[in-house]
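Just so you know, residue 1 is the first one in the sequence shown, and it goes up from there.
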Amino acid sequence: MSCPNCREGSVLPGEPTGSFQADFKGAYFSPAPEGDPKRAIIFLTDGFGLHLKNCKIMADNLAKRLQCDVWVPDYFAGKPLIGLNQLVLPDRAGVKMTIWDWVKFVVAILPNIPAAISSRPSVADKRVHEFIAILKEKKKYEKLGAVGYCFGGSTSIRLGSTGLVNSIVVCHPGHFSLDEVKAINVPAAWLCAEEDLFFSDSHRLKTEAIFAEKKGKDSPVEYAFHHYKGTTHGFAARPNLDLPEIKEAHEKAFEETVSWFEKTLEV
């Protein structure tokens with residue numbers, strides 16, 4: 001459900017400029033700066049959901065940079081996995097948790113268990129699929145991309161095998177299986193923290209090997225892995241901008257996301 005780093009991070013400066021759309025299950029909408037775009041991005045949030053403004057600010061920035069619509073679905077149905085009052089500042093990579101840190105973490109997540117059950121992956125996936133069905137019916141985009149962070153990263157992995165999107169970006173994902181990776185059939189970029197309880201070095205290497213094995217075969221899948229020194233789980237979505245190396249990594253991860261979709265969602 002969660003790890004200590006899932007509760008860590010900072011609030012980004014600025015205010016969202018998009019709007020909530022009742023006809024799209026209450027999703028947040030960042031429109032393209034101009035015109036009628038032929039592509040759109042689905043932004044899958046971390047456990048804080050739409051209550052933390054970071055996802056909305058980042059969606060606004062993506063809409064501007066990619067010149068396309070960006071949607072942030074409420075796939076927690078108004079009940080995010082983590083409350084805003086649980087947001088704490090992260091440490092740099094290399095800082096180990098004490099036993100007391102683990103005790104505090106376990107106590108902190110107990111009130112979140114009902115939300116985690118009501119938005120377990122199978123349920124959250126269904127909400128995302130229903131949202132995309134509405135999007136395809138009402139908007140007629142030619143191509144869709146999905147970028148996911150933490151819980152949303154795991155969701156984007158599963159989404160990458162459904163035929164509902166044309167490209168994905170996976171940012172420090174939560175739990176996922178290698179079988180889910182094997183099923184991905186669209187271009188996939190992976191933005192990885194140096195230290196991540198969910199996505200260890202060994203798990204990352206096994207994941208990367210799956211894509212490498214497909215090279216030269218009948219159904220190769222375009223992929224890229226990027227690693228950010230000094231970071232921990234959550235840096236791409238909830239960076240502590242007071243730490244220069246985290247600020248730089250967050251900005252680079254955003255640029256990689258933009259570049260990936262420019263490359264793989266051409267219309």
Side-chain angles (χ1 to χ4, degrees), residues 17-18 21 24-25 27-46 54-73 75 125 127-150 152-173 176 180-181 183-192 207-208 210-211 214-215 219-226 236-237 250-267:
T17 59
Q21 301 291 311
F24 292 84
K25 292 184 172 290
Y28 179 81
F29 176 51
S30 297
E34 58 184 30
D36 188 16
K38 296 180 180 180
R39 64 184 180 182
I41 304 299
I42 299 166
F43 189 114
L44 299 167
T45 73
D46 55 24
N54 290 17
C55 62
K56 291 168 279 193
I57 291 173
M58 292 175 67
D60 294 340
N61 291 335
L62 277 175
K64 293 173 185 175
R65 289 293 305 280
L66 288 168
Q67 299 288 299
C68 73
D69 293 346
V70 179
W71 295 85
V72 189
Y75 67 146
D125 286 357
R127 291 173 184 152
V128 172
H129 296 179
E130 290 173 349
F131 168 76
I132 293 176
I134 295 173
L135 207 58
K136 287 179 177 287
E137 175 188 354
K138 295 186 176 183
K139 285 294 186 178
K140 310 297 183 184
Y141 297 118
E142 292 182 14
K143 289 188 177 181
L144 288 175
V147 56
Y149 301 80
C150 306
S154 302
T155 307
S156 67
I157 292 170
R158 297 188 296 274
L159 196 57
S161 64
T162 62
L164 295 175
V165 297
N166 305 99
S167 179
I168 61 173
V169 175
V170 181
C171 304
H172 40 68
F176 65 90
E180 290 169 343
V181 175
I184 294 173
N185 54 21
V186 297
W190 299 71
L191 310 184
C192 312
T207 299
E208 192 166 354
I210 289 172
F211 288 97
K214 294 183 179 182
K215 285 184 177 180
S219 302
V221 175
E222 186 174 4
Y223 71 96
F225 280 77
H226 302 280
H250 168 72
E251 293 171 349
K252 285 184 176 180
F254 180 83
E255 292 301 324
E256 292 290 357
T257 300
V258 170
S259 297
W260 187 254
F261 286 137
E262 289 283 22
K263 177 183 179 181
T264 60
L265 292 179
E266 288 185 303
V267 291

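Note that CD of Glu222 is 10.5 Å distant from NZ of Lys215, once rounded to the nearest 0.5 Å. Residue Phe29 holds its CZ atom at 6.5 Å from CD of Gln21, rounded to the nearest 0.5 Å. Here the straight-line distance linking atom CD1 of Ile168 with atom OG1 of Thr264 works out to 10.0 Å at 0.5 Å rounding. Atom-to-atom distance recorded for Leu159:CG and Ser167:OG is 11.0 Å, nearest 0.5 angstrom. Here CD of Glu180 is found 10.5 Å from CD1 of Ile210. Values are rounded to the nearest 0.5 Å. Interatomic distance, Ser154 OG to Tyr149 OH, rounded to the nearest 0.5 Å: 14.0 Å.
The heavy-atom pair separating Ala253 from Leu191 by the smallest distance is O-CD1, 3.5 Å. Across every non-hydrogen atom of Ser219 and Lys214, the tightest pair is O-CD, 4.0 Å. Closest approach of Ser156 to Gly153, counting heavy atoms only: OG-O, 2.7 Å. The two atoms that bring Gly18 and Tyr28 nearest to each other are N-OH, 2.6 Å, heavy atoms only. Counting all heavy atoms, side chain and backbone alike, Asn166 lies closest to Val186 at O-CB, 3.6 Å. Annotation for Phe211 and Ile184: closest pair CZ-CD1, 4.1 Å, computed over non-hydrogen atoms.
When the shell of 6.0 Å around NZ of Lys252 is examined, it contains 12 or fewer heavy atoms from other residues, nucleotides or ligands. Shown here is Lys136, whose NZ atom has more than 12 heavy atoms of other residues, nucleotides or ligands within 6.0 Å. Remark: Lys38 NZ is loosely packed, at most 12 non-hydrogen atoms of other residues, nucleotides or ligands lying under 6.0 Å away.
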_For His250 and Met58: C-alpha separation, side-chain torsions, deciding distance, then whether side-chain contact (heavy atoms from CB on, under 4.5 Å) applies._
CA-CA 11 Å; His250 168 72; Met58 292 175 67; 4.1 Å; yes

*From CA spacing to verdict: side-chain contact (heavy atoms from CB on, under 4.5 Å), Phe43, Lys56*: CA-CA 9 Å; Phe43 189 114; Lys56 291 168 279 193; over 6 Å; no

*For Thr207 and Phe176, what are the C-alpha separation, side-chain angles and deciding distance, and is it a side-chain contact (heavy atoms from CB on, under 4.5 Å)?*
CA-CA 10 Å; Thr207 299; Phe176 65 90; 3.7 Å; yes

*Does the pair Leu164 and Leu144 meet the rule for a side-chain contact (heavy atoms from CB on, under 4.5 Å), with working shown?*
CA-CA 8 Å; Leu164 295 175; Leu144 288 175; over 6 Å; no

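Counting only heavy atoms from C-beta outward, the side chains of Val147 and Leu62 approach each other to under 4.5 Å. The closest side-chain heavy-atom distance from Thr162 to Asp125 is not below 4.5 Å. Residues Phe24 and Trp71 have side chains in contact (heavy-atom distance under 4.5 Å, counting atoms from C-beta outward).
Side chain of His172 to main chain of Cys192: no donor-acceptor pair is present (N/O by atom type, distance under 3.5 Å, no hydrogens or angles). Under a 3.5 Å cut-off, the side chain of Trp260 and the backbone N or O of Leu265 do not form any donor-acceptor pair. When atom types are taken as modelled, the side chain of Arg39 and the backbone of Leu66 share a donor-acceptor pair closer than 3.5 angstrom. Listed for the Asp69 side chain is a donor-acceptor partner under 3.5 Å among the backbone atoms of Ala32. Asp60 places a side-chain N or O within donor-acceptor distance of the main-chain N or O of Thr17, the cut-off being under 3.5 Å. Remark: side-chain polar atoms of Tyr141 are not paired, donor with acceptor, to backbone N or O of Ile41 under 3.5 angstrom.
Lys143 has no carboxylate O lying under 4.0 Å from a charged side-chain N of Glu266, or vice versa, which leaves the two without a salt bridge.
Lys25 meets the side-chain contact (heavy atoms from CB on, under 4.5 Å) test with Glu130, Ile134; sequence neighbours excluded.
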